Amino acid sequence: MPELPEVEALREFLDGHLVGRRIARVMPVAVSVLKTYDPPLTALEGAEVTAVDRHGKWLDITAAGLHLVVHLARAGWLQWKDEFPATPPRPGKGPLALRTVLTDGGGFDLTEAGTTKRLAVHLVRDPADVPGVSALGPDPLADSFDRAAFAAALAGERRQVKGALRDQSLIAGIGNAYSDEILHAAKMSPFKPVHNLDEHETDVLYEALRTTLSEAVARSRGVAAGRLKSEKKSGLRVHGRTGQPCPVCGDTIREVSFSDSSLQYCPTCQTGGKPLADRRLSRLLK
């Protein structure tokens with residue numbers, strides 16, 4: 001799933017490629033992709049793009065005072081095109097979800113792999129009209145997100161720290177991959193309860209969060225949209241690297257699997273050398 005660093009890189013890419021150009025048409029191809037109908041997509045025809053913003057993992061393209069707000073979900077992506085075929089796309093079972101064509105012939109496709117379709121596009125008058133945007137917590141890379149703001153976001157939390165970091169209503173933009181990376185940098189167990197964090201641990205976690213995300217954004221900056229996925233994978237230290245050596249201590253990276261996701265961690269760096277219980281494996285052994 002694209003997370004804050006990749007979506008920020010896409011925002012910067014689109015800011016340089018869209019702003020100042022005009023939209024010819026926006027064509028939904030997948031039935032499920034468009035979540036709003038008023039205003040209609042035809043309201044964007046001929047409109048100049050004036051800004052591209054980001055809200056957590058959401059992209060926000062402004063034109064004619066309207067906002068085309070996009071969430072790429074787990075398997076969605078944006079593909080830039082310098083030109084398109086003359087024939088409009090036809091609905092089908094392929095990955096193409098929506099096509100935006102500019103008046104000069106370029107534009108972008110939104111695609112989504114797999115059979116589960118969660119990519120979402122909203123055309124609204126205010127980004128806050130999108131429930132997923134209005135419910136977002138603070139942006140962790142905003143200047144205002146200092147250590148005090150981080151502590152305030154976690155105040156009263158009873159969950160494990162991994163789940164809290166992924167909660168978009170607490171902190172916007174962090175998903176499964178970067179929560180693993182942040183916790184590895186902080187040398188902290190993903191299962192540690194948030195309410196057990198002391199002041200020093202909160203300091204360490206905050207610094208790990210800011211550093212990990214800032215470095216990921218810096219790595220992605222200037223990378224073409226088509227290469228961002230591979231750039232993300234190359235920069236990850238533990239996530240998606242089960243069985244490989246930890247780049248810090250050399251221990252074997254372990255995994256805990258859940259019904260729809262998994263986490264990766266280093267026992268030596270994060271859990272005092274003790275492997276965490278893999279609930280899925282435990283059920284199989286029973």
Side-chain angles (χ1 to χ4, degrees), residues 1-9 54-58 71-74 132-133 135-220 232-233 235-242 246 248 253-267 269-271 276-279:
M1 176 184 288
E3 300 180 32
L4 185 155
E6 295 78 49
V7 179
E8 175 61 18
R54 177 185 58 79
H55 314 286
K57 302 177 191 177
W58 297 78
H71 193 280
L72 295 170
R74 176 172 291 185
V133 172
L136 289 173
D139 191 293
L141 291 186
D143 292 340
S144 59
F145 191 75
D146 55 15
R147 198 275 191 194
F150 179 60
L154 297 182
E157 267 299 311
R158 309 296 294 181
R159 288 175 294 178
Q160 295 167 345
V161 64
K162 165 84 173 178
L165 289 176
R166 294 183 63 186
D167 186 339
Q168 300 304 293
S169 68
L170 291 185
I171 303 171
I174 302 171
N176 195 33
Y178 286 105
S179 57
D180 282 352
E181 296 298 300
I182 290 165
L183 290 168
H184 180 255
K187 299 185 181 299
M188 187 174 294
S189 169
F191 289 172
K192 187 176 183 66
V194 172
H195 66 272
N196 285 348
L197 294 173
D198 60 27
E199 291 297 313
H200 174 68
E201 288 170 327
T202 302
D203 289 342
V204 170
L205 185 58
Y206 172 73
E207 291 301 325
L209 181 152
R210 293 279 287 195
T211 300
T212 299
L213 294 179
S214 297
E215 289 178 351
V217 169
R219 286 196 307 269
S220 299
K232 174 181 180 178
K233 290 180 180 178
L236 298 176
R237 293 188 168 195
V238 291
H239 184 79
R241 300 191 181 277
T242 303
C246 170
V248 175
I253 294 170
R254 304 291 186 99
E255 176 176 310
V256 177
S257 298
F258 304 96
S259 59
D260 61 349
S261 65
S262 63
L263 64 83
Q264 286 78 42
Y265 69 99
C266 169
C269 290
Q270 296 175 253
T271 60
L276 298 172
D278 188 326
R279 291 167 174 79

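Please read all numbers here as calculations on a predicted model, not as lab measurements.
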Could you list the residues that satisfy side-chain hydrogen bond (donor to acceptor under 3.5 Å, both in side chains) with [X], not counting sequence neighbours?
| X | result |
| --- | --- |
| Y178 | E6 |
| S262 | Q264 |
| R74 | none |
| H184 | none |

So, using side chain to side chain contact (heavy atoms under 4.5 Å, CB included) as the criterion, who are the partners of [X] when residues are at least two apart?
| X | result |
| --- | --- |
| S214 | L141 |
| D203 | R147 |
| P138 | F145 |

Looking at every heavy atom in both [X] and [Y], which two are closest together, and how far apart are they?
| X | Y | result |
| --- | --- | --- |
| G56 | A172 | CA-CB, 3.8 Å |
| V256 | A277 | CG1-O, 3.7 Å |
| Y206 | D146 | OH-CA, 3.2 Å |

Stepwise, does the side-chain contact (heavy atoms from CB on, under 4.5 Å) test hold for T202 with F150?
CA-CA 8 Å; T202 302; F150 179 60; 4.0 Å; yes
Is any side-chain heavy atom of [X] closer than 4.5 Å to a side-chain heavy atom of [Y]?
| X | Y | answer |
| --- | --- | --- |
| L209 | I171 | yes |
| M188 | E201 | yes |
| V238 | L263 | no |
| V248 | C266 | no |
| R254 | T242 | no |
| P190 | L276 | yes |

Measure up the F258 and F191 rings against each other and bin them: parallel (under 30°), tilted (30 to 60°), perpendicular (over 60°).
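Rings of F258 and F191: perpendicular, as their planes differ by over 60°.
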Checking I174 against D167 for the side-chain contact (heavy atoms from CB on, under 4.5 Å) test, could you report, in this order, the C-alpha distance in whole Å, the side-chain angles of both residues, the deciding distance, and whether it holds?
CA-CA 8 Å; I174 302 171; D167 186 339; over 6 Å; no
Could you point out which residue of R237, R241, K162, R166 forms a salt bridge (charged side-chain N to carboxylate O under 4.0 Å, His left out) with D180?
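The residue from R237, R241, K162, R166 that satisfies salt bridge (charged side-chain N to carboxylate O under 4.0 Å, His left out) with D180 turns out to be K162.
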Point-to-point distance, once rounded to the nearest 0.5 Å, from CH2 of W58 to NE2 of H71
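Output value for this atom pair is 5.5 Å.
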Could you go step by step and tell me if L183 and L165 meet the side-chain contact (heavy atoms from CB on, under 4.5 Å) rule?
CA-CA 9 Å; L183 290 168; L165 289 176; 4.0 Å; yes
Contacts under 3.5 angstrom, residues 151-158 side chains, donor-acceptor by atom type, not counting sequence neighbours:
from : atom 1 : to   : atom 2 : distance (Å)
E157 : OE1    : R159 : NE     : 2.7
E157 : OE1    : R159 : NH2    : 3.2
E157 : OE2    : R159 : NH2    : 3.0

Checking [X] now: which residues fulfil salt bridge (Lys or Arg N to Asp or Glu O under 4.0 Å) with it, not counting sequence neighbours?
| X | value |
| --- | --- |
| E215 | none |
| E8 | R11, R54 |
| E207 | none |

Got a donor-acceptor contact below 3.5 angstrom from the [X] side chain to the [Y] backbone?
| X | Y | answer |
| --- | --- | --- |
| Q168 | L136 | no |
| E181 | L236 | no |
| R210 | P140 | yes |
| S179 | N176 | yes |

Going by salt bridge (charged side-chain N to carboxylate O under 4.0 Å, His left out), name the pairs with one or both residues in residues 182-191, residues two or more places apart or in two chains.
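For residues 182-191: none.
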